[in-house]
Amino acid sequence: MPVQRLNHAVLYVRDVERSVAFYREALGFEVVMSMRGAAFLQASGSSNDHDLGLFEIGPGAGPTTAGRTSVGLYHLAWEVDTLDELERIAVKLSEMGALVGASDHSSTKALYARDPDGLEFEVSWLVPASLLTDEILAGRSAIRPLDLATDKERFGAHTRGGVGVSIPA
């Protein structure tokens, strides 16, 4: 049987409490279990036991060098249901000084941010299968700046993303 989906991710962080506060404020995650030096968070609307595990390794931990001087994980990506929600998160991440980029990958609209330890993550909205066109599919070979106002006009601010792509139709 093939793999179905990513159930959760686990990150090593300098300060668990700081990271919990960040992911709660930025993405609305809630703590479902914690212990000294560790916390397990769940995204709103998730049916996973937890979506993110955080393990504290202390303030002396060096910065990640993945992708610059060593191999390693580039980023995690979380999906939102609507372009309005993507826009709300863009504003929140910007206010927090965490937003580092926003890209239009044609079939995926993406925000990029860094947590307090410099670990990068993505928040994205996927064009639903019913709205995918040959033009959109062909456009995936280029990356353009994200234009949420135009995308909301084209696809609808409340259109549920990912239907028929990442979630069943």
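Heavy-atom basis, side chains included; hydrogens, waters and symmetry copies ignored. We're numbering straight along the sequence, starting at 1.
Here the shortest heavy-atom pairing between D51 and A43 reads OD2-N, 2.7 Å. When every heavy atom of L93 is checked against every heavy atom of A26, the shortest pair comes out as CD2-CB, 3.8 Å. Smallest separation of non-hydrogen atoms from A169 and V163: CA-CG1, 3.7 Å. Minimum interatomic distance between D117 and D115 (heavy atoms only, all atoms of both residues): N-OD1, 2.9 Å. Taking all atoms of both residues into account, the shortest heavy-atom contact from V16 to A39 is CG1-CB, 3.8 Å. Summarising the geometry of N7 relative to N48, their closest heavy-atom pair is O-ND2, 2.8 Å, with the distance given to 0.1 Å.
Looking only at side-chain heavy atoms (C-beta outward), L119 and L73 stay at 4.5 Å or farther from each other. Inter-residue side-chain proximity for R88 and V80 is flagged as unmet; no heavy-atom pair is nearer than 4.5 Å.
No side-chain donor-acceptor contact under 3.5 Å links W125 to the backbone of E85. At distances below 3.5 Å, at least one donor-acceptor pair connects side-chain atoms of T159 with backbone N or O atoms of F155. Counting only distance, with no hydrogens or angles, the side chain of S103 and the backbone of H105 share no donor-acceptor pair below 3.5 Å. Although no hydrogens or angles enter the test, the distance criterion places a donor-acceptor pair under 3.5 Å between the side chain of T133 and the main chain of I136.
E153 contributes atom CD, which lies 11.5 Å from atom CG of L83 (distance to the nearest 0.5 angstrom).
I89 and L76 fall within a single hydrophobic cluster, where Ile, Leu, Val, Met, Phe, Trp and Tyr side chains are chained together by heavy-atom contacts under 4.5 Å.
A donor atom on one side chain and an acceptor atom on the other are found under 3.5 Å apart for T65 and S70.
The six-membered or imidazole ring of Y74 lies away from that of F121, with a centre-to-centre distance of 6.0 Å or more.
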Checklist entry - Checking side chain to side chain contact (heavy atoms under 4.5 Å, CB included) for the pair S106/R144: CA distance, chi angles, key distance, verdict? => result CA-CA 8 Å; S106 195; R144 290 166 302 286; 3.3 Å; yes
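With respect to E56 and R14, no salt bridge is recorded, no charged nitrogen being found less than 4.0 Å from a carboxylate O.
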